[in-house]
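To start, the structure under review is shown below, and the notes come after it.
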2 protein chains.
Amino acid sequence: MDDDVVRSARLRPGRNRPGAGDDLADLGPCESAVPMPVEVPEATVSRLPQYLRALSALAEAGLRTVSSEALAEAAGVGSAKLRKDLSYLGSYGTRGVGYEVGELHQHIADRLGLTSSWRVVIVGIGNLGHALAGYGGFASRGFSVVGLFDVDPTVVGEVVSGLRVRPLDDLEATVREGGATIAVLTVPAGVAQGVCDRLVAAGVTSVLNFAPTVIRVPDHVDVRKVDLASELQILAFHAQRKAHVRVGEVV
Amino acid sequence: MDDDVVRSARLRPGRNRPGAGDDLADLGPCESAVPMPVEVPEATVSRLPQYLRALSALAEAGLRTVSSEALAEAAGVGSAKLRKDLSYLGSYGTRGVGYEVGELHQHIADRLGLTSSWRVVIVGIGNLGHALAGYGGFASRGFSVVGLFDVDPTVVGEVVSGLRVRPLDDLEATVREGGATIAVLTVPAGVAQGVCDRLVAAGVTSVLNFAPTVIRVPDHVDVRKVDLASELQILAFHAQRKAHVRVGEVV
DNA sequence: AAGCGTTTGTGAAGGCACGCACAAAGTCGT
DNA sequence: ACGACTTTGTGCGTGCCTTCACAAACGCTT
């Protein structure tokens, strides 16, 4: 599972900081000093987007409430796992009834930080960068692409889905002036580390890396990797295993 | 990861013999030279492509041998984990020296099933399908794209990187006549399940799904999911957490 | 040949996640 | 109002994965 390699600041399991004074916790009548000692496990976080999508589908279908069984079915997980995952976010279900679709959707979206629209820059407008720039799934989910960058002069200036591709040197200014920004790296493997270093220096703390190479970043920066070739190779491994079993070799 | 959701035939958890328990003497061969008595854990499989890529880079750099420490560094993992992973494939290292780069590369490639070139079909030649069809990383790693399919008549007939896009109805014939095939799904979410059903019916047992939806398949079919929006949302979660910590809220 | 430094392979321990099963809590029918 | 039914929230056992730590194995030097 952690197939996805995240270099995230690991939280210390035992101790968490006592009251810092102002907590924006919702409306929980927390009698004790610590408002929400809840730490969402990484495995749970990775499933929240699935739940969110399932909830969107159910809302479109017109359902107002949904049981953990039904939602789990829609999301492709077990109901017990779903309930435990949701329990990390707090108790938003009604026993005997289920979850209110809209409310739960809102809560998960809040937790994922989708209330504010995140700025996204795409660096490397090649085959894949083009495709991602034109992908509608970003804007519809709280992400707005605010910049396209490339070094190739023949690509710079081109307009892709309403945005002009700018030279790589404009990158720093765009990131600095805009605040928190997520960078999508779709550059060749050879230059990925260098470009990433520039992004980090400019203040980017979240990187989605499509380049087939390991990039190193400071501890405060999160990197998630998407590697198409790796996925195919993993499929090939299982396919070969299946083939061998069919032939009669030992598992 | 999970994480990434793989629906693979559950491996038998019982008798797992990683490597050797009988290093004392060559008493009796408990069984006749079995080629692979080892069950490779899923988590290990998901890292093999990384190791393979790191080995390729090291080979290009001219190194002949590499220590677990150095290879782990290149692959971005811990050395102990690397050694244990490799131990599931057998013992190909030399104590006091390290691993022979070319030999290890060969062994991992064998295990991943990259000796034979896998056939890949891409279904759905939209933005992303275009990009993947033109992605050079496939052919260079043992995968050959043998078919592009779409329903849109305005796309059918178009030639993308040397292959003509064919109508979806040609899909069954192509899959059936070609043997084992991996399908890449880059269709809209609404039709993903239907297209996948056709693929499975035609004999496909490995699917790489880019559609942002859960697809259901029989037990003997492997599905891996790549979801760009989910990755961004997970990054947003961590980014928001970091922001709150910085502001002074409780973790 | 023997000792020394290096590196692998692996037993063992700890942590994390998953799933079961059930009490608590709510709704619905009568 | 009350009992029966439904569904959530979660304590707990189990198994997988990771990490540590070290003995065995190898090359190199003397």
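Here is how names work: the chains are called A, B, and so on, in the same order as the sequence lines, proteins then strands, and each is numbered from 1.
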Check this for me: does any side-chain nitrogen of one of A:Glu39 and B:Arg241 sit under 4.0 Å from a carboxylate oxygen of the other?
no

Test side-chain contact (heavy atoms from CB on, under 4.5 Å) on B:Leu235 and A:Trp118 and set out the steps.
CA-CA 10 Å; B:Leu235 282 173; A:Trp118 293 91; over 6 Å; no

If I compare all heavy atoms of [X] with all of [Y], which pair ends up nearest, and what's the gap?
{"X": "A:Arg216", "Y": "A:Asp197", "value": "O-OD1, 4.2 Å"}
{"X": "A:Arg47", "Y": "A:Asp85", "value": "NE-OD2, 2.7 Å"}
{"X": "B:Leu52", "Y": "B:Ala109", "value": "CD1-N, 3.9 Å"}

Atom [atom1] of [X] to atom [atom2] of [N]: distance rounded to whole Å?
{"X": "A:Leu89", "N": "D:dT8", "atom1": "CG", "atom2": "C1'", "answer": "14 Å"}
{"X": "A:Lys81", "N": "C:dC18", "atom1": "NZ", "atom2": "P", "answer": "5 Å"}
{"X": "A:Leu82", "N": "D:dT7", "atom1": "CG", "atom2": "P", "answer": "14 Å"}
{"X": "B:Glu69", "N": "C:dG9", "atom1": "CD", "atom2": "P", "answer": "14 Å"}
{"X": "A:Leu86", "N": "C:dC18", "atom1": "CG", "atom2": "C1'", "answer": "15 Å"}
{"X": "B:Glu42", "N": "C:dC16", "atom1": "CD", "atom2": "C1'", "answer": "17 Å"}
{"X": "B:Arg83", "N": "D:dC17", "atom1": "CZ", "atom2": "C1'", "answer": "16 Å"}
{"X": "B:Tyr88", "N": "C:dG11", "atom1": "OH", "atom2": "P", "answer": "10 Å"}

Ignoring hydrogens and angles, does a donor from either the side chain of A:Lys84 or the base of C:dG19 sit under 3.5 Å from an acceptor on the other?
yes

Not counting sequence neighbours, which residues clear salt bridge (Lys or Arg N to Asp or Glu O under 4.0 Å) with A:Lys242? List them please.
B:Asp222

Answer yes or no: does a side-chain N or O of A:Ser68 lie under 4.0 Å from OP1 or OP2 of D:dT7?
no

Side-chain N or O of A:Arg47 versus OP1/OP2 of C:dA17: is the shortest distance under 4.0 Å?
no

For DNA chain C, which residues in residues 92-108 of chain B have a heavy atom at a distance below 4.0 Å?
B:Tyr92, B:Gly93, B:Thr94, B:Arg95, B:Gly96, B:Val97, B:Gly98, B:Tyr99

Polar side chain donor-acceptor pair, B:Thr205 to B:His220, under 3.5 angstrom:
no

Where the side chain of A:Ala80 is defined as all heavy atoms beyond and including C-beta, which of C:dA17, C:dC20, D:dT8 is the nearest nucleotide?
C:dC20

